[in-house]
Structure formats: C-alpha cells, structure tokens
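In what follows, a structure is listed as structure tokens, so that the remarks can point back to it.
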Amino acid sequence: MLEIQNLHATVGGTEILKGLTLSVPAGQVHAIMGPNGAGKSTLSYVLTGREGYEVTDGTVTLDGEDLLALEPDQRAAKGVFLSFQYPIEIPGVPGLTFLRTALNAQKKARGEDEVSAPEFLKRAREVAKSLKIDFDMLKRPLNVGFSGGEKKRMEIFQMAMLSPRFLILDETDSGLDIDALKVVADGVNALRSPDRSMLIITHYQRLLDYIKPDQVHVLAAGRIAASGGPELAHQLEAEGYDKYAA
Amino acid sequence: MSLSRALETGDLAELPSRRDEDWRWSDLRGLIRAIPPASPDASARGEGPFAAVCSETMLVINGGSARIHLAAGEKKTIALRLISRAEGTSHSADVAVTVAEGAELTLLESHESFGAGYITDVEMDITLGASAVLERVVVATEAADAIAVTLARVGIGAGSKFAQTTLAIGAKRQRIETRLAHPGAGAAVRLDGVYLVGEKRHTDLTSTVTHKGEGGTTDQLTKGAVAGQGRGVFQGRITVERGADKTDAKMGHHALILDDRGEVDSKPELLIFADDVACAHGNTVGQLDEQAIFYARQRGMTLAEARALLTEAFIGEVIDRIEHDGARDVARTWASEKLRGLT
C-alpha cells in the first residue's frame, strides 16, 4: 500500500526528516511513536502535501503511484486522509456542508457520480449515531466552539464518511478523556479492513491499547530508529525514548 | 458635478475626477474621453434574477424613468430591472420610490447587462413616510468594460425602517452610492454591501448617513473579496449632527484579498458632533486562512473550491441579514456563482 523510501524533508530550510524508510502493507495498522520534535507531525504533513514542507530526497508511493507529485486534494481523492492533531475551525460553514462539498469534490476527481443530498444525510445520521455525535452539531459551523474531544470525534466522523484507503491519525488521543477515547477507537476499528491501511502517530502508548497495531516504529531524529511488534509500545512506555535520542 | 450632468450636457468638465475627495479612487474624468451617443430603444431580455420570487416587475431599459408609489398601509414586493442592452452608447435612468406612512415595500433591484462598453447612470430618490418599511436588495451585474454609476438619495420618516443590501461584481468603473438623511426618531437603518471583484474590474460602494435627530440607529456591514487585478473601494461616512443624541451607529467593512494583484481601498468615517451616542466601526483587510485552505484541500476540495467555500462563508454573514427569504436565496446563489467564476 504505502512505501516510503529514504525520505528527506525540510521545513523553513531545516531538515526534519532525514532518510525515513517505511512500508505499510494493505490491511495493516502501523504506529509511529517518538519523542517531541522527532518529525512525527512533519511526516503527516509531507504525506498530505502541505505547503512549506519541502521534500528534498526520497520517494513516497501509494499502490505504486507517486504521491509526492500530487496536489493535496488529488491525494485525498486517491484515499489519503489525515486526522489532524489540531482540527481547524471553519466559521460560517456548517459541518455537513463542508463534508458534502469535500465528498463530492473527491467523487468528481475520481469520475464518480455525486452523492445526493438525501443519501448523504441518511449516511451522516447513521455514522453520527455510531460515534455518539449529536446530529445538530453537524449543522453548526465546523469545529467552531467545539471542545477538543468533539473536534477529534468530528475528524473520525469525516473519516468514516469519506471512506479513505490510507488513514493517518496524528495524535488523535490528545485531548480525549477515556470515554471519548473508546468511542474514537471503536470508530477507527470499525474502519479496519483488508484493503485499508493506517498510520497512527502518537506520543503515548495509551491509544494503542484500543487500536491494536500490527507494527510499531520509533521515529527519532527524522528516521525510523527501531521497529517491532505491539510489545515495543509497552517497552517505550516503560523505558522512554532516551536511548533513541540523537 | 456628476455623470448624469455630463451625459445630459455633453460637457466632460461635469465628470467627477480624482481631485474630488469622494471620487479619488473612482475617477471618471480620466476614464471618459468623449460622451458616447445615446443608447437606442431596446426590449427586455430574460426574466431577471428575482423572477422566481416576485410577481410584479418594472422595467427600465437603456435609461428612462420609473415611479413606484405605495399608498399608506400598502404592502408589496416589486422587482425593478434596470437593463443595459447597449454597445458603446450611454443612458440615464431616474427612479422615484415613495412608500407612504405604514406601507411596506420589498424592492428587488437588478442591474443587468446585455451589452458591452456602455455608460449607465441611475439616480434614485427614495422617500419613506412615518413607520414605513423598505427593504432594498440590489444585484448589480454589469459588463466588464462598462461604466456604471448609481446614486440613491434616501429620506426616511420617524419610526421607519430602511434596509439595504447591495451586491456588486464591479465593471470597468462601477460606483453604487447611497446618501441617507436620518431623522433619528426611532427610525432604523441597515446598510449592507457585498462585493466580489475579479479580472480588472472596479467597484466602489460609497455611503453617507447623516443623523439629524435624536434616537436613531444605523447598522452597516460590508464585506468583499477581490481576485485577479480587481479593486474594491469602500467609503462609508456616518455623521451624527449636534443634538442627534441617543444615536446608535455601527459600521463594519471587512475584505479579503485573494490575489496579490488585487486592491482594496477603504475609508470609514464617523463624524460625531453629539455627546450622548454609541458609535463603533471596524475595518479589516486580510487573506484567507492558509490552514483552513489546507484542511479543506486535505478533505478533497480543489484549491479553487476551497477558496470559494471559505470566501462564501466569509460574505455569508452579510447575505444572512437579508430579511426577504426569496431574495436571500437569490443573493446567496448569485454570490456562490460569482465566487466560483472569480479570477
């Protein structure tokens, strides 16, 4: 599914990713853990094509296709979804309007028919219910005045509605209490499937108790410093990241 | 000195120029080298933007006159279509609107273009009796190479309510001006505007409100976006004369510059000669939030779609203030279409 080879990237002239290599096969969930400043969020923005994150070397392919050559919206249409660490507030645009515009833009890019309003609303109601989101909240301007937990739930809601193939969850557990964490994890787990992969970026092991990864990688100083099974997450929790310090 | 005088007399010296303070950003004298011949008679085309929400229509084609009068207590919605179906010619229109005591008028005004290179001038006199209500919604869609000037002189009675929303996309030179004499006396004024200006278009929304008596309100909100080499001008002046105490006036003008080559010129003025008043103004010019654009694109919207959606949300606050449901929908759709064509 996703292949990253020797990825180097700079932000504002400073090299943050320094030769990162990673492979996430279809159907698998990989976790990226690492200390603050290791380049975890940079990786998520490089994969999604944010302006200001410049790739200086290396390749990223999704099912063999060069991801780095695509615009952010083209990557989204190919099925790349990023759940933001800090979801953006969009005043004046109801959540449902935003999401339907996005969904239809993706469908248009893929040459598919647009989703009709009734069809969209029916599905939105079902997904909102499963994520314990008050449907009226979706009619309000997106994320405006929402609590941290509500914003994260909205991210998962959007994710479920857009049915992406490759999911990146950037610090999705931050700002969530334990009940909200379970709801979010259930939502993510419901999306696990043989043709879908996930990259879970997290500082703490807590989220991985609920979303079980197939593999855990340690990102330190801009590259993968270690890889292992789920037990690596527990080891990191116990020992910290000190031994991976650059 | 005015465009209408120049068209009437053929004297270019009558044109306002950049030396006139109120015209310094919308100079006409440097722009018009000769007064073009008068536009020919023509027939209407299309139905106008408000056809679906209004059954009574008045037409003014290539200039002329129109009179709208509502008797005391009457209640009506009227579409006024000011049509320019002209190529390189000029025309003037004068319109008188009187709304007698206690009457209520919704005036849905469209400035429509089926031509090019014309000069059009509209002068309106609007009079509201005591406790009368007028909501005026103006959708001005001129040709890119037209010169279009509209001036409305508004007089309102005690306890009346005058609400206006002007939506404009500019022209080679477009100016829509409102001069309102406010008696105070419980009368309420809302004076709103939206401009969406692209290409090399220019629009100028100018207004003066003069509070002459005690206890009146004015609430003014204009929002605009410029793209390409578009230029938006906002000039708003609220004067509170001596003795016009208990006046409550606020003015807001907020603009987005979507391209580096776009320009916004703004002159908000509050001139206060009374003591006991509440007046406020806010004026901002900025750009769309890059983070919000990336967020929308990450969800699949193209750059153009993301910009249009966010700009639509930005100006939506003004459109939401239109009280007539049908007109509000027309305005929203119109703005949405114009935004998506904004380059």
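Every chain is numbered from 1, with letters handed out A, B, ... down the list of sequences.
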Using a 6.0 Å cut-off, check whether atom [atom1] of [X] has over 12 heavy atoms from anything other than its own residue.
X: A:Glu112; atom1: CD; result: yes
X: B:Lys250; atom1: NZ; result: no
X: A:Asp113; atom1: CG; result: no
X: A:Lys78; atom1: NZ; result: no
X: A:Lys107; atom1: NZ; result: yes
X: A:Asp136; atom1: CG; result: yes

Residue among B:Glu312, B:Glu317, B:Glu290, B:Gln298 with most heavy-atom pairs under 4.5 Å to chain A: B:Gln298
Winner by heavy-atom pair count (cut-off under 4.5 Å) against chain A, out of B:Ala296, B:Ala313, B:Gly316, B:Gly300: B:Gly300
Tell me which donor-acceptor pairs under 3.5 Å the side chains of residues 81-94 of chain A have, and how far apart each pair is, sequence neighbours excluded?
unit_1: A:Ser83; atom_1: OG; unit_2: A:Thr172; atom_2: OG1; d: 3.4
unit_1: A:Gln85; atom_1: OE1; unit_2: A:Ser41; atom_2: OG; d: 3.3
unit_1: A:Glu89; atom_1: OE2; unit_2: A:Lys151; atom_2: NZ; d: 3.0

A:Gln158 side chain vs B:Arg299 backbone, donor-acceptor pair below 3.5 Å: no
A:Leu99, part contacting chain B, at a heavy-atom distance under 4.5 Å: neither
Residue-level contacts of residues 318-342 of chain B with chain A, using a heavy-atom cutoff under 4.5 Å: none
Interface residues of residues 303-310 of chain B facing chain A - non-hydrogen atoms under 4.5 Å apart: B:Leu303, B:Glu305, B:Leu309, B:Leu310
Closest non-hydrogen atom pair, A:Ala76 against B:Arg297: CB-O, 3.9 Å
Distance-only check: which donor-acceptor pairs under 3.5 Å involve side-chain atoms of residues 49-61 of chain A, not counting sequence neighbours?
unit_1: A:Arg50; atom_1: NH1; unit_2: A:Tyr45; atom_2: OH; d: 3.3
unit_1: A:Thr56; atom_1: OG1; unit_2: A:His8; atom_2: O; d: 3.4

